[in-house]
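Report on the following structure.
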Amino acid sequence: MDISLSYRPTEKQRMFHASEADEVLYGGAAGGGKSYAICWDAFMRCMRWPGTHAYLFRRTYPELEMTLVRTMQTIVPKELGKYTASAHEMRFLNGSTAHFCHLSNEGEGLLKYQGAEIHWLYFDELTHFTKPMYDYLRTRLRAEKRLGITPCVRAASNPGGPGHAWVKARFVDSTYCGERIREMPVKSDILGSVAVRRVQYIPATARDNPHITQDYVIELEQKPRALRDALLYGRWDAFDGQAFPEFTDDPQHYEDGLFTHVIRPFDIPYHWPRYVSFDHGYTRPFSFGVWTVDEDGRVYRYKELYGCVPGEANTGVMLAPGEIAERLAELLEPEIRDGIRVAGIADPAIWDRSRGMSVEEQIRSAFSGVAFSKGDNTRLPGKMQLHERLKFDEEGRPMLYVFANCRDFIRTIPSLTYDARRPEDIDTAAEDHIYDETRYFLMSRPIAPRPQTRRRAAGFDPLAG
């Protein structure tokens with residue numbers, strides 16, 4: 001049988017197919033050929049290893065049918081594979097099968113795959129899935145030794161969507177935007193050994209795809225700024241639905257602090273007052289932010305402590321309040337050593353005694369260096385205070401700065417999205433713990449609304465003399 005295949009992968013698609021990492025995310029922008037690469041990858045793996053099973057996921061069946069099913073039908077010659085619509089399967093000549101799957105929820109939706117043996121696991125638009133969905137389906141990766149294969153995960157996605165934060169943390173941030181492959185040691189108590197899982201991110205944009213027309217690129221350029229930056233440039237800190245699009249991290253202005261919220265750390269004057277804000281968490285992260293205030297009322301977040309599993313967005317380290325207090329004592333040791341008083345503001349929920357000794361009491365009994373007061377947990381006014389503080393004045397200075405060492409603030413604040421049911425508020429299912437303790441602090445010293453000044457773009461001024 002003489003069959004010719006016309007696939008000519010781009011350089012980034014070749015990297016995707018050739019990767020030996022356990023988990024790979026491809027894409028970041030529209031027009032990078034993501035769905036096409038997923039289908040070709042699944043097709044090639046199924047043909048190379050007879051009797052194997054590829055599972056290709058989209059969040060809904062209409063999306064699945066319009067993208068992956070349609071693409072696979074286009075690229076697979078009828079002599080090599082036949083699609084059965086009733087089973088949502090492409091069965092190949094050599095006994096391999098591509099299963100087209102949709103997953104609408106974390107409950108009954110996941111149970112459908114409880115007994116599945118997945119060899120090749122694919123996600124198209126990974127940010128549409130929750131982390132529990134991803135983690136559970138990865139547990140279905142297994143293969144009999146006779147097949148001689150190593151099961152793997154391959155995914156593609158644009159920025160944005162409900163899973164933006166965890167996907168960004170796992171693939172983009174942990175690999176320094178694709179500059180390196182992340183290696184994660186995984187210990188097996190049963191086998192008495194440590195395995196290494198490798199995670200890779202391959203960024204690709206429309207400019208990496210020679211098959212994209214100029215009209216498509218021009219169309220992307222006309223989108224609103226956040227959507228344009230996400231879809232055209234693959235920026236993970238700018239996307240449609242972003243709650244705080246005004247937050248700016250510009251390394252070129254870390255020194256002068258103009259039109260950026262992130263700045264280079266400096267020695268804080270002794271007389272500036274200090275504060276620590278706290279949001280408690282156990283299975284979700286806990287967060288401490290340490291702040292100071294200058295003579296003009298401008299606030300500076302100069303260090304932080306975030307109880308989150310490294311590389312796993314929104315996953316707490318599960319420490320008891322006493323252990324959290326020990327971490328807080330270490331965080332504030334320089335201030336206490338220098339005799340600087342630090343005032344505390346915290347989530348009112350930590351005073352709850354309905355289950356016995358409150359979290360506040362447990363922390364206070366282990367560390368008495370900070371006396372916490374109850375923060376104002378009014379959600380919308382707190383959100384507006386952050387917006388007000390982020391505004392730039394005529395000189396390009398905001399009323400809130402963040403030291404560059406506060407990496408988790410810089411990572412999570414731009415990732416926050418609006419709640420679909422309460423579009424004026426933040427989605428509380430997101431990684432909002434740093435945002436919450438920031439609200440408590442800002443509400444303790446609110447400022448009045450101020451006019452917004454935007455950076456002017458350089459260009460021709462017809463009125464200039």
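Keep in mind it's a predicted model, so treat the numbers as computed, not measured.
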Worksheet item: Looking at residues at least two apart in the chain, or sitting in another chain, which of them share a salt bridge (Lys or Arg N to Asp or Glu O under 4.0 Å) with Arg364?
Response: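 Per chain and number, Arg364 pairs via salt bridge (Lys or Arg N to Asp or Glu O under 4.0 Å) with Glu360.
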Practice prompt. Identify which one of Tyr122, Tyr134, Tyr113, Tyr136 satisfies the ring-ring contact (aromatic ring centres under 6.0 Å, His included) criterion when paired with Phe57.
Written response: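 Per the ring-ring contact (aromatic ring centres under 6.0 Å, His included) rule, the option paired with Phe57 is Tyr113, out of Tyr122, Tyr134, Tyr113, Tyr136.
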Worksheet item: Parallel, tilted or perpendicular: which fits the ring planes of Trp236 and Tyr201, with parallel below 30° and perpendicular above 60°?
Response: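 Rings of Trp236 and Tyr201: perpendicular, over 60°.
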Practice prompt. Hey, can you tell me if Phe129 and Phe123 have their rings parallel, tilted or perpendicular (30° and 60° cut-offs)?
Written response: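 Perpendicular, since the angle between the ring planes exceeds 60°.
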Item to complete: Evaluate the criterion side chain to side chain contact (heavy atoms under 4.5 Å, CB included) for residue pair Ser358 and Asp352; output intermediate values, then yes/no.
Response: CA-CA 5 Å; Ser358 71; Asp352 179 20; 5.8 Å; no
Item to complete: Quick one: list whatever passes ring-ring contact (aromatic ring centres under 6.0 Å, His included) with Trp272, sequence neighbours left out.
Response: Tyr300
Practice prompt. Please list, chain by chain and in numerical order, all residues satisfying ring-ring contact (aromatic ring centres under 6.0 Å, His included) with Phe288, sequence neighbours excluded.
Written response: Phe278, Phe286
Side chain to side chain donor-acceptor pair (under 3.5 Å) against [X], all qualifying residues, sequence neighbours excluded:
X      : result
Ser277 : Trp291, Glu437
Thr130 : Glu106
Arg14  : none
Thr378 : Asp376

Worksheet item: Minimum heavy-atom separation for Glu388 to Pro449, with atom names?
Response: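 Of all heavy-atom pairs spanning Glu388 and Pro449, the closest is OE1-CA, 3.1 Å.
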Worksheet item: What pair of heavy atoms forms the shortest contact from His261 to Glu246, and how long is it?
Response: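 Minimum heavy-atom separation between His261 and Glu246: CE1-O, 3.2 Å.
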If you count every heavy atom of other residues, nucleotides or ligands that lies below 6.0 Å from [X] atom [atom1], does the total exceed 12?
X      : atom1 : answer
Arg337 : CZ    : yes
Glu424 : CD    : yes
Arg353 : CZ    : no
Arg341 : CZ    : no

Listing, residues 309-324 side-chain donor-acceptor contacts under 3.5 Å, not counting sequence neighbours, or none:
residue	atom	partner	partner atom	Å
Glu312	OE1	Lys131	NZ	2.7
Glu312	OE1	Arg170	NH1	3.3
Glu312	OE2	Arg170	NH1	2.5
Asn314	OD1	His433	NE2	2.6
Thr315	OG1	Ala313	O	3.4
Glu323	OE1	Ala320	N	3.0

What pairs with [X] under side chain to side chain contact (heavy atoms under 4.5 Å, CB included), at least two apart in sequence or on another chain?
X      : result
Arg198 : Glu20, Ala21, Asp22, Ile181, Glu183, Val196
Asp296 : Asp294, Arg298
Ala371 : none
Arg264 : Tyr254, Glu255

Any luck finding a side-chain donor-acceptor pair between [X] and [Y] under 3.5 Å?
X      : Y      : result
Thr248 : Asp250 : no
Lys383 : His387 : yes
Tyr55  : Arg140 : no
Arg274 : Tyr302 : yes

Can you find a pair of side-chain heavy atoms, one from [X] and one from [Y], that are under 4.5 Å apart?
X      : Y      : answer
Thr127 : Asn158 : no
Met184 : Ser174 : no
His102 : Arg58  : no

Worksheet item: If you measure from the Lys or Arg side-chain nitrogens to the Asp or Glu carboxylate oxygens, is any gap between Arg59 and Glu125 under 4.0 Å?
Response: no
Worksheet item: In terms of side-chain geometry, is the basic nitrogen of Arg422 or Asp419 positioned less than 4.0 Å from the acidic oxygen of its partner?
Response: no
Fill in: Donor-acceptor under 3.5 Å (Gln242 side chain, Pro414 main chain)
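Flag set: sc Gln242 to bb Pro414 pair under 3.5 Å.
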Worksheet item: Is the charged tip of Arg439 near the ring of Tyr435: under 6.0 Å from the six-membered ring centre and within 45° of its axis?
Response: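 Cation-pi check for Arg439 and Tyr435: passes.
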